[in-house]
Undergrad: 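Here it is: the structure, laid out below.
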Amino acid sequence: MNIQEQSKILMNNTEYGDEKLKINMQKELEKKLSEGRPLNIYCGYDPTAVDLTLGHIITMRKLREFQELGHNVTFLIGGFTGLIGDPSDKDKKRPMLSHEQLKNNAKEYTRQAYKILDPRLTTIRSNEEWLENLSSKEFIRLCSKFTVAQFLERDNFSKRWKSNDAIYLSEFLYALMQGYDAVKLASDVQVGGSDQLFNLMAGRILQREFNQDPQVVMTLPILVGTDGKIRMSKSTGNFIGLEEPPNEMFGKIMSIPDNAVESYFKLLTSVSDDDFLKLTKAIDNKAMKKIDLKKKLAVEIITGLFSISEATQSEKYFEETFQKRNIPSIMNEYSLGYQESNECKLSKILIKTQLSNGDKYASSLSEVRRLISQNAVSVNGLKIDEDIEVKIGDEIRVGRYKFLRIIQ
RNA sequence: GCAGGGGUGGGAGAGUGGUUAAAUCCAGCGGUCUGUAAAAUCGCCGACUUCGGUCUACGCAGGUUCGAAUCCUGCCCCCUGCACCA
């Protein structure tokens, strides 16, 4: 594959504030590629959140592309910087992590990341390696590479500066420290979310100071959540977790609004832009239904994360359960065991039992009553109008999507 | 430290002595519709209840009152000016 072809693939999906920057970055990338050596690519991840979502994998997919082209990929755990707090998501609390927790999180993180990355070709590093024992002398030296004006250029800061909102020094330092990572890794390319542009650019500034060829920064769009509006995140509840079982993932993907489908295709599947275009054309001339496009999306994503057979299986499950409204054969189970008879009350069971995502079927007796009175609960396919006692073998449906089978 | 403003349900935000489990909006949940989309529409949205009610709730702790989210006292926290420091 020639260099232009490579850079075209690699630059695909990148998003910069301005077009000029993109062109420059592409040029720099091509120059680096033309050197014919494996490049050092990295992306940093904040280890405070352990459960990865589909949002996390878009940078990983990019790293994967580099791996496939024979470059060196470093998966950098932001063990140290994560503790300082990033201004780009200021309102999130960052709990202090102990070293053990950190290690644990990192392990968990990478385990999940290997759904995308090739473990054999991935180097795991954590930036505490070099940041933790940085002396104040070295630290001040790093600081002297930046001017305040450079920081105030950043949108996030300049807005707050103008409106007299607090800007903490630690926030400045965050970018600085992160920039130092690039130096330490002798990075050729850093991948990140588009909200990280400033931090990635800081790496370039420092690299120049350290006589390194500045890294190419590749920023990728932020994935919207299942609401189709705001960034996917666990804390906003609009996420699809990487670890969710295929059936559930399929359902969640089916629930995204139509206007998010395109970006999901681009960022989370290997379907080419051309092929996607063909699909939308097929919809335009009624050869394909919109829901089938979305199903294809779900199948593509799940195939990538699990396997083709799990993907088709979850599609079948979806069709049977939600489209044909059949009672599924697989569902959560509740073991009745040797409970007292008053423990067999449906309401009690619904309050006690958790869904796989940690939610309860119902949070209180009042809620169960509400659900029953609103015709939301059925047992063995029949709506019930009062709290009943259940027995082994009963299949309960709550709302449209929640099922529970009573077992021994 | 001084002055001023404020802390109400998941969020935003009304309410300044009883008719307030607390307007309204958002989010959430459920019904109908449907493509687990969007839109629409109807209903629910503190807990418990023998469905008559009962209990708990408006930063925390006391007090006044037949009765307080609403008034008083003390405390805690947040914001905005100013001062101190430089």
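Here is how names work: the chains are called A, B, and so on, in the same order as the sequence lines, proteins then strands, and each is numbered from 1.
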Undergrad: Say we look at B:rG74 and B:rA22: how far apart would their C1' atoms be, to the nearest angstrom?
TA: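 After rounding to an integer number of Å, I get 27 Å for this pair.
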Undergrad: Would you indicate which nucleotide in B:rC29, B:rG31, B:rU36 comes nearest to any side-chain atom of A:Asn375?
TA: B:rG31
Undergrad: What I want to check is whether the side chains of A:Glu315 and A:Thr312 have a donor and an acceptor closer together than 3.5 Å.
TA: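 No.
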Undergrad: Could you walk me through whether A:Phe75 and A:Tyr45 pass the ring pair (Phe, Tyr, Trp, His ring centres under 6.0 Å) test, one step at a time?
TA: CA-CA 8 Å; A:Phe75 186 93; A:Tyr45 295 91; 4.5 Å; yes
Undergrad: Partners of A:Lys115 by salt bridge (charged side-chain N to carboxylate O under 4.0 Å, His left out), sequence neighbours excluded?
TA: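 Salt bridge (charged side-chain N to carboxylate O under 4.0 Å, His left out) check on A:Lys115 returns A:Glu243.
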Undergrad: If the condition is salt bridge (charged side-chain N to carboxylate O under 4.0 Å, His left out), which residues does A:Arg120 pass it with, not counting sequence neighbours?
TA: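 Once residues adjacent in sequence are excluded, the partners of A:Arg120 under the salt bridge (charged side-chain N to carboxylate O under 4.0 Å, His left out) criterion are A:Asp118.
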Undergrad: May I have the distance from A:Tyr401 (atom OH) to B:rG31 (atom C1'), rounded to whole angstrom?
TA: 12 Å
Undergrad: Which whole-number value in Å describes the distance from A:Ile230 CD1 to B:rG11 P?
TA: 15 Å
Undergrad: When you look for runs of 3 or more Watson-Crick or G-U pairs in a row, both distances below 3.5 Å, which of them include RNA chain B?
TA: B:1-7 with B:76-82, B:10-12 with B:24-26, B:28-32 with B:40-44, B:46-48 with B:53-55, B:59-63 with B:71-75
Undergrad: Could I get the full list of ring pair (Phe, Tyr, Trp, His ring centres under 6.0 Å) partners for A:Tyr401, not counting sequence neighbours?
TA: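 Residues passing ring pair (Phe, Tyr, Trp, His ring centres under 6.0 Å) with A:Tyr401: A:Phe322.
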Undergrad: Nearest whole Å is fine: how far is B:rC26 C1' from A:Asn238 CG?
TA: 15 Å
Undergrad: I'd like to check the salt bridge (charged side-chain N to carboxylate O under 4.0 Å, His left out) partners of A:Glu28; sequence neighbours left out, ordered by chain and number.
TA: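 A:Glu28 satisfies salt bridge (charged side-chain N to carboxylate O under 4.0 Å, His left out) with A:Arg204 once adjacent residues are dropped.
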Undergrad: How many Å lie between CD1 on A:Ile372 and P on B:rG31, as a whole number?
TA: 13 Å
Undergrad: Please state the C1' separation for the pair B:rA23 and B:rG9 - nearest whole angstrom.
TA: 13 Å
Undergrad: Taking side chain to side chain contact (heavy atoms under 4.5 Å, CB included) as the test, write out the residues that go with A:Thr321, two or more places apart.
TA: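 If we apply the side chain to side chain contact (heavy atoms under 4.5 Å, CB included) test to A:Thr321, skipping adjacent residues, the hits are A:Tyr317, A:Pro328, A:Phe403.
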Undergrad: In whole Å, what separates the P atom of B:rG1 from that of B:rA47?
TA: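 B:rG1 and B:rA47 have their P atoms separated by 43 Å.
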Undergrad: In terms of the nearest nucleotide of RNA chain B, which residue is placed more toward the 5' end: A:Lys402 or A:Lys229?
TA: A:Lys229
Undergrad: Establish whether the base of B:rU36 is bridged to the side chain of A:Arg325 by a donor-acceptor pair shorter than 3.5 Å.
TA: no
Undergrad: Whole angstrom is fine here: how far is it from CD1 in A:Ile240 over to P in B:rA37?
TA: 13 Å
Undergrad: Let's see if you get this right: which residues in residues 274-302 of chain A place a heavy atom under 4.0 Å from RNA chain B?
TA: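 Heavy-atom contacts with RNA chain B come from A:Lys290, A:Ile291, A:Lys294.
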Undergrad: Tell me, which pairs form a salt bridge (Lys or Arg N to Asp or Glu O under 4.0 Å) where one or both residues lie in residues 252-261 of chain A, sequence neighbours left out?
TA: A:Glu244-A:Lys252, A:Asp258-A:Lys294
Undergrad: Rounded to whole angstroms, how far apart are CZ on A:Phe318 and C1' on B:rA37?
TA: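 It is 10 Å, rounded to the nearest whole Å.
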Undergrad: Please measure how far the P atom in B:rG46 lies from the corresponding atom in B:rU36, and state the result in whole Å.
TA: 30 Å
Undergrad: Quick one: are A:Lys402 and A:Val377 in side-chain contact, heavy atoms under 4.5 Å?
TA: no
Undergrad: Using the C1' atom as the reference point in each nucleotide, state the distance between B:rU41 and B:rC33 in Å, no decimals.
TA: 9 Å
Undergrad: With rounding to the closest Å, how many angstrom separate the P atoms on B:rA27 and B:rC78?
TA: 32 Å
Undergrad: Pairs in or reaching into residues 227-267 of chain A: which pass ring pair (Phe, Tyr, Trp, His ring centres under 6.0 Å), with residues at least two apart or in two chains?
TA: A:Phe250-A:Phe318, A:Phe265-A:Phe276
Undergrad: Expressed in whole Å, how much space separates the P atoms belonging to B:rA68 and B:rA21?
TA: 12 Å
Undergrad: Would you indicate, yes or no, if B:rU36 has its OP1 or OP2 atom less than 4.0 angstrom from a side-chain nitrogen or oxygen of A:Gln323?
TA: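 A:Gln323 to B:rU36 OP1/OP2: side-chain N or O found under 4.0 Å.
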Undergrad: Starting from P on B:rU36, measure out to CE on A:Met254 and report it in whole angstrom.
TA: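 A:Met254 atom CE is separated from B:rU36 atom P by 7 Å.
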Undergrad: Using the P atom on both, measure B:rC26 against B:rA40 and round to a whole Å.
TA: 10 Å
Undergrad: What pairs of donor and acceptor atoms, side-chain ones from residues 284-293 of chain A against any protein atom, are under 3.5 angstrom apart with sequence neighbours left out?
TA:
from     : atom 1 : to       : atom 2 : distance (Å)
A:Asn285 : OD1    : A:Ala287 : N      : 3.4
A:Asn285 : ND2    : A:Lys281 : O      : 3.4

Undergrad: List the protein contact pattern of nucleotides 41-51 of chain B with one symbol per nucleotide (5' to 3'): B for base contact, S for sugar-phosphate-only contact, - for none; contact means a heavy-atom distance under 4.0 Å.
TA: --BB--SBB-B
Undergrad: Answer syn or anti for B:rG67, where the cut-off is 90° from 0 on the glycosidic torsion.
TA: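 Anti, since the glycosidic angle lies more than 90° from 0.
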Undergrad: The criterion is side chain to side chain contact (heavy atoms under 4.5 Å, CB included); which residues satisfy it with A:Lys229, sequence neighbours excluded?
TA: A:Asp227
Undergrad: Over 60° means perpendicular and under 30° means parallel, so classify the ring planes of A:Tyr180 and A:Phe210, tilted if in between.
TA: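 Ring orientation of A:Phe210 relative to A:Tyr180: tilted.
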Undergrad: Rounded to whole angstroms, how far apart are OH on A:Tyr317 and P on B:rU36?
TA: 13 Å
